[in-house]
Amino acid sequence: MPLYPDRIIVIGAGPVGLCLSLALAQADLKVCVVEALGDDNFLEQVPRAGTNHPATLEMYERIGLYDKLEPRGIIAPEFHYWDRHEGKRIAAFDHIHLKNDTRFPYVLQCERIKIVEEALKMAKAHPNIDLRLNSEFVSFEQDADGVKAHVVNAGGERETIEGRYIVSGEGARSIIRKDLGIGFEGFTYDDRTLNIEVAYDFRRHGYAHRNYISDPNEWSNLFHWKGPPDRWRVHFPTDPKAEETELMRPEALQARMQGFLPIGKPFDIVGSNLYVVHQRVADKFRSGRAILAGDSAHVNSPIGAMGMNSGVHDAINLADKLIAIARGEADDSILDRYDRQRRHVAIAHTQAQTIRNKRLLAEQDLVVRQKNHDELRRTAEDPERARKFLLRTALFESLREAEAIL
Ligand SMILES: Cc1cc2nc3c(=O)[nH]c(=O)nc-3n(C[C@H](O)[C@H](O)[C@H](O)COP(=O)(O)OP(=O)(O)OC[C@H]3O[C@@H](n4cnc5c(N)ncnc54)[C@H](O)[C@@H]3O)c2cc1C
């Protein structure tokens, strides 16, 4: 009978793969992490997630990551909704309403790249983690007792790594999901999102570190990131028919920024990129000994900052189940509960909420817009309603709902 080594193979050293690996290793499980990038290019990844919700901060604290991230980020207790059409702030939500619910009544604005940089350092230092950088995962097989991952290692050779379970933290293009034939149903928005980064302090105009700006013609998001130098990221919708080269011309980027806020001088544009936005959830998150987590299991619009956050929640939920199996406290049917809990969150919370968020910002009907804005204002002004609202946006409600699923 082939005996597989007692270890978990994690594909991908993104935020999800690393948080999972750290949680497993700290509970004395052996982990092998396979990551295509190497020390020479790991920090060259394009800007992506960065808003970390209170529920996620609690999980970072559990694995010892929070203290490393806080000095590199911005503590942001408030976020705003603005009406660009009228040039007015609609509502300010303050996480202080969650002071009795969490030790972290704020979000931490700390970019994905800083999170993986710090988590990777911790993974390198952990004796239970065998970290394989510069190693490309290509395929896998499984039987009743274990899994075999086939990789092209840092030396360019094909190698087979064996373990008890394999977790896809590979991101949206997951080979494991495709090899298993698991559907990834949903849709892709026609309009790509344009991200422009500028060195300019928007607080002098009354903005918070994090702002959602509604406009029937050109909704946007405005976020502050810690430097040096400090940067502010502005997201805009784009015309689906426009050419990428046209959208990304320096004059076109400058015109967008001046249209957003004329400041009487050119903005110092320090970065820009264009990305496609999908709303998709995998048909199942588990097949035998192979499990999907994070973007390999679900992708969504970044409006509301829920992709990476809910991926980290997958990681911690899954870690607890793999730990229980390793300790003989549960059998492996507990992984079906992971599937039920986290698919529910992906569909009923992450996807539903991000679709609603985009609709709210882009609403064309003036009567509906007014109604939505009045509702937001009333919610923000009433402490009990604001707390309820924040329990949902800070992702506590999704965790409580998942806990109730058997
Ligand atoms: C513009 C933008 C803004 C966003 N903002 C937010 C936000 O504010 N908050 C939020 O919660 N989410 C946000 N998101 C979403 C967030 O970035 C993702 O949900 C998150 O990065 C997913 O993490 P992951 O670890 O699952 O996958 P990834 O971050 O994609 O990491 C996957 C890792 O796997 C590696 N890999 C892939 N294939 C292989 C292979 N074959 N072999 C070996 N290694 C492999 C990759 O190199 C990578 O390191 C945003 C996304 C975008 C595009």
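Numbering of residues begins at 1 and proceeds along the displayed sequence. Quantities reported herein were computed from a predicted structural model and do not represent experimental measurements. Ligands are counted one by one from 1 in listed order, and the atoms in each one are counted from 1 as well.
The protein heavy-atom contact nearest to atom 42 (N) of ligand 1 is F137 N, 3.0 Å. With hydrogens left out, the protein atom closest to atom 32 (C) of ligand 1 is G169 O, 3.3 Å, a heavy atom. With respect to atom 12 (N) of ligand 1, the closest heavy atom belonging to the protein is M308 N, 2.9 Å. The protein non-hydrogen atom at the shortest distance from atom 26 (O) of ligand 1 is D295 N, 3.0 Å. In terms of protein heavy-atom proximity, atom 28 (P) of ligand 1 is closest to R112 NH2, 3.6 Å. Atom 16 (C) of ligand 1 has its closest protein heavy atom at A49 CB, 3.6 Å. Of all protein heavy atoms, the one closest to atom 24 (P) of ligand 1 is V16 CG2, 3.7 Å. Of all protein heavy atoms, the one lying nearest to atom 36 (N) of ligand 1 is E170 O, 4.0 Å.
Short contacts between ligand 1 and P302, defined as distances under 4.0 Å to a heavy atom of the residue, involve ligand atoms 3 (C), 4 (C), 5 (N), 50 (C). Every atom of ligand 1 with a heavy atom of G294 under 4.0 Å away is listed here by number and element: 26 (O). Each of the following atoms of ligand 1 lies closer than 4.0 Å to a heavy atom of M306: 10 (C), 11 (O). Close approach of ligand 1 to G171 is summarised as follows: ligand atoms under 4.0 Å from at least one heavy atom of the residue are 27 (O), 30 (O), 32 (C). Ligand 1 places these atoms under 4.0 Å from at least one heavy atom of V34: 43 (C), 44 (N).
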Go through D191 and K358 one step at a time and tell me if the salt bridge (Lys or Arg N to Asp or Glu O under 4.0 Å) criterion holds.
CA-CA 12 Å; D191 57 326; K358 181 164 183 198; 3.0 Å; yes
Test log, rule side chain to side chain donor-acceptor pair (under 3.5 Å), inputs Q109 and T51:
CA-CA 5 Å; Q109 292 289 97; T51 295; 2.6 Å; yes
Step by step, would you call E170 with S168 a side chain to side chain donor-acceptor pair (under 3.5 Å)?
CA-CA 5 Å; E170 304 155 86; S168 170; 2.5 Å; yes
Pair H298, T350 - check side chain to side chain donor-acceptor pair (under 3.5 Å), show working.
CA-CA 9 Å; H298 46 82; T350 312; 5.6 Å; no
Stepwise, does the side chain to side chain donor-acceptor pair (under 3.5 Å) test hold for N372 with E363?
CA-CA 9 Å; N372 290 341; E363 182 57 61; 4.6 Å; no
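With no hydrogens or angles considered, a side-chain donor-acceptor pair links S214 and H373 at under 3.5 Å. Between Y60 and N52, the side chains place a donor N or O and an acceptor N or O closer than 3.5 Å (distance only, hydrogens not considered).
Shown are Y212, F79, F202; of these, the ring pair (Phe, Tyr, Trp, His ring centres under 6.0 Å) with F223 is made only by Y212.
Looking at ligand 1, you won't find any N or O of I175 less than 3.5 Å from one of its N or O atoms. Considering backbone and side-chain N/O of A36, one or more are found under 3.5 Å from N/O of ligand 1. At under 3.5 Å, not a single nitrogen or oxygen of G12, backbone or side chain, sits near a nitrogen or oxygen of ligand 1. Checked by distance only, ligand 1 and E35 come closer than 3.5 Å through their nitrogen or oxygen atoms. For ligand 1, the polar-atom distance check against A172 finds no nitrogen or oxygen pair separated by under 3.5 Å. Among the atoms of R48, some N or O lies under 3.5 angstrom from an N or O of ligand 1.
Remark: side-chain polar atoms of R343 are paired, donor with acceptor, to backbone N or O of D283 under 3.5 angstrom. For R210 (side chain) and L222 (main-chain N/O), no donor-acceptor pair under 3.5 Å exists by modelled atom type.
Of all the heavy atoms of Y275, the ones lying under 4.0 Å from any atom of ligand 1 belong exclusively to the side chain. Heavy atoms of T193 found under 4.0 angstrom from ligand 1: none, in either backbone or side chain. The parts of A305 lying near ligand 1 are both backbone and side chain, judged by heavy-atom distances below 4.0 Å. For S296, no heavy-atom contact with ligand 1 is shorter than 4.0 Å. Residue H235 does not touch ligand 1, judged by heavy-atom distances below 4.0 Å.
Evaluated by nearest non-hydrogen atom to atom 23 (O) of ligand 1, the leading choice among G307, P15, G311 is P15.
The cationic group of R286 does not satisfy the cation-pi geometry with Y338, failing either the under 6.0 Å distance to the six-membered ring centre or the 45° limit from the ring axis. Cation-pi geometry between R385 and F389 is not satisfied (NZ or CZ under 6.0 Å from the ring centre, within 45° of the ring normal).
The pair R231-E111 counts as a salt bridge, with a side-chain nitrogen and a carboxylate oxygen less than 4.0 angstrom apart. Salt bridge present: R342 and D314 bring a charged side-chain N and a carboxylate O closer than 4.0 Å.
When the shell of 6.0 Å around CD of E243 is examined, it contains 12 or fewer heavy atoms from other residues, nucleotides or ligands.
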